[in-house]
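Report on the structure given below.
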Amino acid sequence: MDLPSFWLPRPSFNPDGKTLAGFASLLSDAVTQGPDKPITYTLAAPKWQFLCYVAEQAGYVLHGSNDPSIERFDPRRSYDSDAFGDRTAVYAASDGIWPMFFATINRDHPLSMVNSCSDLAGETYYYFSISRHVLDLNPWREGTVYLLPAEGFEHQPPIRGVRQRQAAKLAPVEPAAKIRVSPEEFPFLSRVRGHDDATIRSRSEADPDGFPWIDG
């Protein structure tokens with residue numbers, strides 16, 4: 001299946017047994033330690049691979065934030081073009097890379113975002129775009145990815161047959177652990193697109209199903 005070039009495939013992710021054992025041991029220690037202190041990451045594998053393991057094989061969903069000291073996530077209203085995301089809920093990802101985007105984008109800058117993490121043609125693909133005038137400011141910072149127990153989270157239904165990696169819970173959630181991430185550890189830092197806010201707004205209103213409303 002040929003996909004447009006703006007869909008970014010996940011980098012190769014085939015950890016061997018030793019790497020998986022290291023992930024499992026680190027996760028166990030982190031959950032025992034609790035969320036008061038961030039995980040000390042010393043493994044050779046890129047941090048995004050550990051986070052993908054946590055989200056796909058270990059019973060957690062992930063939430064990225066600029067705030068390093070969240071003790072409880074309370075449901076908040078999110079405004080989205082899709083009904084699943086247009087609710088008051090705690091939102092998280094069943095993927096390790098997507099939340100790194102939200103952790104490292106500096107939200108002190110007012111901006112709009114168009115982003116996605118979906119399973120297409122049997123692989124995981126991403127799309128990242130922010131307001132062009134903010135992208136030009138290099139708006140990146142260190143952030144935190146929180147590990148949330150997946151129990152009670154519902155996963156977004158497929159959209160036109162495509163599996164989505166978003167999950168939501170309508171009740172408060174306390175994190176089990178957290179890890180700091182830097183912009184350089186986000187594997188698509190150089191692939192984030194820029195868009196004109198007015199153009200995206202106009203296109204999305206005219207064609208709600210036309211995601212990602214490519215602008216340039």
Side-chain angles (χ1 to χ4, degrees), residues 3-11 38-39 41 46-52 55 61-71 73-74 76-82 85-86 89-118 124-148 164-166 168 175 178-208 210-216:
L3 298 172
S5 60
F6 56 75
W7 285 112
L8 306 174
R10 178 192 284 178
I39 297 170
Y41 193 82
K47 197 173 288 183
W48 69 262
Q49 293 190 3
F50 169 68
L51 291 173
C52 285
V61 291
L62 306 178
H63 182 101
S65 174
N66 288 171
D67 188 342
S69 56
I70 300 174
E71 297 181 353
F73 289 86
D74 292 309
R76 293 184 179 181
R77 181 64 193 273
S78 177
Y79 298 90
D80 192 86
S81 59
D82 181 81
D86 191 28
V90 177
Y91 290 93
S94 58
D95 175 80
I97 294 177
W98 198 12
M100 297 178 78
F101 169 71
F102 291 99
T104 57
I105 182 71
N106 189 342
R107 301 299 292 275
D108 289 342
H109 298 282
L111 78 164
S112 69
M113 297 183 288
V114 181
N115 58 93
S116 175
C117 176
S118 307
T124 302
Y125 285 82
Y126 306 86
Y127 181 84
F128 301 107
S129 183
I130 66 173
S131 303
R132 185 174 294 111
H133 70 279
V134 175
L135 182 62
D136 292 341
L137 300 175
N138 192 31
W140 307 102
R141 55 169 290 176
E142 187 177 52
T144 301
V145 173
Y146 290 87
L147 284 59
L148 311 180
Q164 307 299 306
R165 291 299 193 99
Q166 183 171 219
K178 64 186 178 184
I179 188 169
R180 300 290 285 168
V181 294
S182 67
E184 294 73 22
E185 292 169 326
F186 172 48
F188 294 114
L189 182 65
S190 65
R191 305 292 300 278
V192 177
R193 301 173 66 100
H195 61 251
D196 177 75
D197 291 350
T199 300
I200 289 294
R201 182 168 55 252
S202 175
R203 291 179 179 178
S204 63
E205 290 174 352
D207 182 13
F211 181 93
W213 310 291
I214 291 295
D215 173 27

Mind telling me whether F188 and F128 have parallel, tilted or perpendicular rings, with 30° and 60° as the class edges?
-> tilted

Evaluate the ring planes of F186 and F101, with Trp represented by its six-membered ring, and classify them as parallel (under 30°), tilted (30 to 60°) or perpendicular (over 60°).
-> tilted

Please round to the nearest 0.5 Å and tell me the distance separating atom OG of S5 and atom CZ of R191.
-> 8.0 Å

For H63 and P99, indicate whether the former's side chain and the latter's backbone hold a donor-acceptor pair under 3.5 Å.
-> no

Heavy atoms, side chains only, cut-off 4.5 Å: are W7 and S116 in contact?
-> yes

Closest non-hydrogen contact found for W98 with Y126 is N-CE2, 4.1 Å

Is atom CZ of R107 surrounded by more than 12 heavy atoms (other residues, nucleotides or ligands) closer than 6.0 Å?
-> no

Under 3.5 Å, is there a donor-acceptor pair between the S131 and S112 side chains?
-> yes

May I have the step-by-step check of side chain to side chain contact (heavy atoms under 4.5 Å, CB included) for R193 and I214, ending in yes or no?
-> CA-CA 10 Å; R193 301 173 66 100; I214 291 295; 3.7 Å; yes

Does the side chain to side chain contact (heavy atoms under 4.5 Å, CB included) test come out yes or no for D197 and H195, once each step is laid out?
-> CA-CA 6 Å; D197 291 350; H195 61 251; 3.5 Å; yes

State yes or no: are the ring centers of W48 and F50 separated by less than 6.0 Å?
-> no

Please check if the side chain of K178 supplies one atom and the backbone of S69 the other of a donor-acceptor pair under 3.5 Å.
-> no

Expected output: side-chain N66 to main-chain A103 donor-acceptor under 3.5 Å | yes

Tightest non-hydrogen contact, residues F6 and P212, listed as CE1-CG, 3.7 Å

Approximate separation, where rounding is to 0.5 Å, of I70 CD1 and T144 OG1 | 8.0 Å

Check: I179 main-chain N/O paired with Y41 side-chain donor or acceptor under 3.5 Å | no

Closest heavy-atom pair, P187 versus P11, reported as atoms and distance to 0.1 Å, is CB-CG, 4.5 Å

Heavy atoms of Q164 and S118 approach each other most closely as OE1-OG, 3.1 Å

Contact check, side chains of V145 and K47, non-hydrogen atoms, under 4.5 Å = no

Point-to-point distance, once rounded to the nearest 0.5 Å, from CG of L51 to CG of L147 = 7.0 Å

Got a second to check how far R180's CZ is from T104's OG1, nearest 0.5 Å?
-> 11.0 Å

Look up atom CE in M100 and atom CD in E185, then write down how far apart they are to the nearest 0.5 Å.
-> 5.5 Å

Any idea which heavy atoms bring R165 and S94 closest together, and the distance?
-> NH1-O, 2.6 Å

Can you tell me how far the CZ atom of F211 sits from the CZ atom of R203, to the nearest 0.5 Å?
-> 14.0 Å

If only atom types and distance count, is the side chain of Q49 paired as donor or acceptor with the main-chain N or O of P46 below 3.5 Å?
-> no

Output, in order, the C-alpha distance, side-chain angles, deciding distance and verdict of side chain to side chain contact (heavy atoms under 4.5 Å, CB included) for I105 and W140.
-> CA-CA 5 Å; I105 182 71; W140 307 102; 3.8 Å; yes

Verify side chain to side chain contact (heavy atoms under 4.5 Å, CB included) between H109 and I130, making sure each step is shown before the conclusion.
-> CA-CA 11 Å; H109 298 282; I130 66 173; over 6 Å; no

Closest non-hydrogen atom pair, C117 against D95 | SG-CG, 3.6 Å

